[in-house]
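Inspection log for the structure reproduced underneath, given as structure tokens.
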Protein chains: 2
Amino acid sequence: MGEITIHNKIITSASNLFYANGYNSTGINEIISKSGIAKATLYSHFKSKEDICMAYLKQRHDSFLESLKSYVSKRKKGRNQLLAIFDLLRDMYREEDFHGCWGLKTLGELSPKQKKILGVIQKQKKELLLYLGEVVGDNITNISKAETEKISGGIYLLYDSAITESHLFKNDWPIYTARSIAPLLFANSEVVQ
Amino acid sequence: MGEITIHNKIITSASNLFYANGYNSTGINEIISKSGIAKATLYSHFKSKEDICMAYLKQRHDSFLESLKSYVSKRKKGRNQLLAIFDLLRDMYREEDFHGCWGLKTLGELSPKQKKILGVIQKQKKELLLYLGEVVGDNITNISKAETEKISGGIYLLYDSAITESHLFKNDWPIYTARSIAPLLFANSEVVQ
DNA sequence: ATAAGAAAAGACTGGTCTGTCTAGTTATCC
DNA sequence: GGATAACTAGACAGACCAGTCTTTTCTTAT
């Protein structure tokens, strides 16, 4: 865990480049020069640029979801846990290398042929949606499946636009607006105290 | 107006290609072959690919805003006008060549250097936000500036995530969810009858 | 010490990219 | 009819692309 393997070095360098400059604009040569490795070494660890992209997406998503779970678990039950995702986003926005959502950024670059990468992004977003559903279930009592989906879907939509728009405008108003709107979703629900 | 000039042919071809396959994945040669023109002709109308991109964004945005204004004006005052943007989005989604938001799609491809295109996207999104503010002002009475901004900002965020997520999932649930959430924004306001 | 494996360095293939330039063709207007 | 402008076709430059391969160097385990 956390070892500095060549594998990790490649993913880290590629991740920074893809996230900052875009997938199509980043060349293999940039990745190897930033990793300080030879080209043949890279291709002995990954069979294609597409594979590196999927590893990049997975790494970002896994670490995001881990952070989110930690943010949720560190908060009091109820409203605070339901809004934890916006606290995380606010802190992500404050990082100097914030460039919005890695998944949606990559989605914009895909041509309809690149089904594999699309599948990865869809899977990750569904995973987030599912987790938000759990958080809603844990923090709101006596709630139907339809209501759960509406609330978690709403938080999801607000989060995804907040991350994209704060990046677009280079301003955090979308995060605060989204966070202030989210409670309307469960205003008439039995939020756990 | 609406003449079939070479200028328009270039924008139309480029627009379809950029929107479907992405900006970086679309080559000049593809654009000229789809336009049925020679390369020198293209470069006598546009000085660079970046310029074509900006014309593409402008054309999509202008036509979107025109449609939106028409959708709003054709609806009864009040709730229907406030939600008109989601009706438009639903109809856009049903078009066979729907690929989400042209602006956000392009945003994902930009490296931090491409300030000009970023500026165009920011300007367009601000224009949409401003127009939504007008619609809110026209349809809700006795409302403060802060409340107007919260409601129009909320509709804006819901619209932008709905367009992106419906494209990502190839499903219209985000549009209906966003539309069903939006009224919560003005539940306690004086909506014009 | 030696054998085996991993990695470095970078040449190379075959292709793509944007943008320029030259030539020849067509259309238009006086 | 002759001039002017707009267009076509495609060669070309110079750079970059992903991915393969060879050769040399280094590390490590027995």
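A, B, ... follow the sequence lines: proteins, then strands. Residue 1 opens every chain.
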D/dC7, OP1 or OP2 - any side-chain N/O from B/His45 closer than 4.0 Å?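 Checking B/His45 against D/dC7: at least one side-chain N or O falls below 4.0 Å of OP1 or OP2.
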[N] [atom2] sits how many Å from [X] [atom1], rounded?
X	N	atom1	atom2	answer
B/Ile10	D/dC7	CD1	P	9 Å
B/Glu30	C/dG15	CD	P	17 Å
A/Ile6	D/dC26	CD1	C1'	12 Å
A/Leu17	D/dC17	CG	P	11 Å
B/Asp51	C/dT18	CG	P	14 Å
A/Ile37	D/dT27	CD1	C1'	17 Å

Margin query: Given the ring of B/Tyr131, does B/Lys69 sit roughly above its face, with NZ or CZ under 6.0 Å from the centre of the six-membered ring and within 45° of the axis?
Written below: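 Output yes; distance and angle both within limits.
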When you get a sec, tell me which of [options] is the closest nucleotide to the side chain of [X]?
X	options	answer
B/Tyr43	C/dT20, D/dA18, D/dT8	C/dT20
A/Thr41	C/dC21, D/dC21, C/dA7	C/dA7
A/Asn29	D/dT22, D/dC17, D/dG10	D/dC17
A/Ser48	D/dG19, D/dC21, D/dG10	D/dG19

Pair of N/O donor and acceptor under 3.5 Å linking C/dG19 base with B/Lys49 side chain
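No.
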- request: Could you tell me whether the side chain of A/Lys39 has a donor or acceptor atom within less than 3.5 Å of a complementary atom in the base of C/dG10?
  value: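 Such a pair does not exist between side chain and base.
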Is it the case that the side chains of B/Lys9 and B/Ser13 hold a donor-acceptor pair, with the cut-off being a distance below 3.5 Å and no angle test?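 Checked: B/Ser13/B/Lys9 side chains show no N/O donor-acceptor pair below 3.5 Å.
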Q: Return yes if a side-chain donor-acceptor contact under 3.5 Å exists between B/Glu109 and A/Tyr23, otherwise no.
A: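 Note: B/Glu109 and A/Tyr23 side chains miss the donor-acceptor criterion.
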Q.
Can you confirm if the aromatic rings of B/His7 and B/Phe46 lie within a centre distance of less than 6.0 Å?
A.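 Ring centres of B/His7 and B/Phe46 closer than 6.0 Å.
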**Request:** Give A/Ser25 one of three labels, base, sugar-phosphate or nothing, depending on what nucleic acid heavy atoms sit under 4.0 Å from its own.
**Result:**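 No contact.
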| said: Around atom NZ of A/Lys170, are there more than 12 heavy atoms from other residues, nucleotides or ligands closer than 6.0 Å? | reply: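 Above 12, so yes.
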